[in-house]
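Lettering follows sequence order; numbering is per chain, from 1. Bear in mind that the values here come from a model prediction, so they are computed numbers and not experimental data.
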Number of protein chains: 2
Amino acid sequence: MDDAEGLAAWAALLADRSRAAMCLALLDNRAWTVGELARHAGVAMPTASEHADRLVNGGLAAEHRQGRHRYLSLAGPEVAALLESVSSQVAPGHAPLRSMAAAHRMRNLAAARTCYDHLAGTLGVAVADALAATGAIDRRSGLTLTGEGRALLGNVGIELATTTRRPLLRDCLDWTERRPHLGGVLGAAICRHAFDAGWIGRIGTGRAVRVTPAGADAFADQLGVVVPSTPDTPGAIYAARGAPRVINA
Amino acid sequence: MDDAEGLAAWAALLADRSRAAMCLALLDNRAWTVGELARHAGVAMPTASEHADRLVNGGLAAEHRQGRHRYLSLAGPEVAALLESVSSQVAPGHAPLRSMAAAHRMRNLAAARTCYDHLAGTLGVAVADALAATGAIDRRSGLTLTGEGRALLGNVGIELATTTRRPLLRDCLDWTERRPHLGGVLGAAICRHAFDAGWIGRIGTGRAVRVTPAGADAFADQLGVVVPSTPDTPGAIYAARGAPRVINA
DNA sequence: CCGACAGTTCGGCCCGCACCGAACATCCGC
DNA sequence: GCGGATGTTCGGTGCGGGCCGAACTGTCGG
């Protein structure tokens, strides 16, 4: 009975359009200031400030005050995973797109994006499929990283952190593809390496990413991934939105 | 931006104490009538009826009308999994127990219970640990059912459905133990077999289960599980609550 | 020291919605 | 067909909370 109280309180944090928008924005694993979140959600700053209080007090977000800025980020990978799960669950009935720009953004998001700290969209699913096809991961009984997979990643230069209690790899239901992509330590390591090696880069300021020409070759040669074509988008479209800044070293 | 709308709408379904209580009740994978849910949540029937409408329209619950009864159940395993995930996330800060009876119920729930259609609590975690210890499942790289595991289950007489798209096995973070127990097809098969073979039985009308004496031997001999002691509880404690009925064949 | 900027606090408005009682609609058992 | 039980519909009430503008605090830059 008192569990219900806690569950309801937790859900209430997401049960508001503005807070939901803020949480989804934070899913890009970067820290946003209150002002940026306010612009993103389309509310005044006092309102966003109150929402920020509730998200932090409710344990959904962490704050990081620095000078006159107050940065918000998600409280942790568990929160991100949960938000993604809920999003995928909700996704089926999504509203029709109203403008060319929105459709363009949607195409970019669907093609390749980050999901907290790993790859998602057509690209993310393609990576998961390629690793399964080459035997780097095995889905016949559960989900496991094979010895060949470890060797492959070692050759590519992807290190897997072993000191964390986080699952090594886990399926994350893709929001647009409705099929699983890879999360966990493995998913994060691949994504990080793809950024570091210049295989991918952000489109504008959102979660969408673009595969670079060199990246397309690298994905194909080193991971056996057939990279889907990326529509790309002039960054100007995003210019109206507040730009989140990265603070973590 | 319109994702936020959907996410908020979904969360709003759970963002009410009464609806949350109803959903948690439905987690026992049985069908409850509106009246039972009303008593369980402590609200009048008209209120519960409206809540039922919203849960069904929102896709969280399915309804099944039969005569003058209207049975509610969770919409599916995905919904159950999501609810369990959220519950585990929320659990850490749980309120202190106010009565002896509540403490008793809590002990029973913590010892052994069902989580939708698989085993949870100390028992559920013990099963997962035992399968890992005997090499039936492998956690070194992801989570897989080994050949030995398949053989073991075959000997015990547990059949694994292969026609479903549901994951064969997956970790489900335990609400009380804060460690994973087994869900998915495997978790459901083990739980079903434990009921069918008389290894476990329900305590009262809730989610709590008790390991029978024969069951304790069977768990130990056939699955290598050291069964934790079950406090057991006189069913009378539960008598005040409305009793859910099982309708599925 | 002073403007500009980021964020917070406060007061007030208003909408949504959870809740109930009463009346109504169904269905069951006798 | 007649109670009695299960649910639903309909008004009405009250509370919570989302929102904003205005005033205030604190920080950075010069």
Distance test, side-chain N/O of [X] to OP1/OP2 of [N], below 4.0 Å:
X	N	value
B:His51	C:dC19	yes
B:Ser49	D:dT8	yes
B:Arg70	D:dT6	no
B:His69	D:dG7	yes
B:Arg65	C:dT26	no
A:Ser18	D:dC19	yes

Next item on the list: Report the distance from atom CG of A:Leu186 to atom CZ of A:Arg170, rounding to the nearest 0.5 Å.
Entry: 11.5 Å

Checklist line | Minimum-distance nucleotide (side-chain atoms of B:Arg19 versus C:dA18, D:dG7, D:dC19) | finding: C:dA18

Notebook entry, point to check: Of the nucleotides C:dC5, D:dT8, C:dG7, which one has an atom closest to the side chain of A:Met45?
Noted result: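 Out of C:dC5, D:dT8, C:dG7, the nucleotide with an atom closest to A:Met45's side chain is C:dG7.
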
Margin query: Ignoring hydrogens and geometry beyond distance, is a side-chain donor-acceptor pair present between A:Thr176 and A:Arg113 at under 3.5 Å?
Written below: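 Yes.
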
Item checked: Crowding at CD, B:Glu78 (>12 non-hydrogen neighbours, <6.0 Å) ->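 Atom CD in B:Glu78 is crowded, with more than 12 foreign heavy atoms closer than 6.0 Å.
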
Notebook entry, point to check: Taking for each residue the nucleotide of DNA chain D bearing the nearest heavy atom, is the 5' side occupied by B:Arg68 or by B:Asp53?
Noted result: B:Arg68

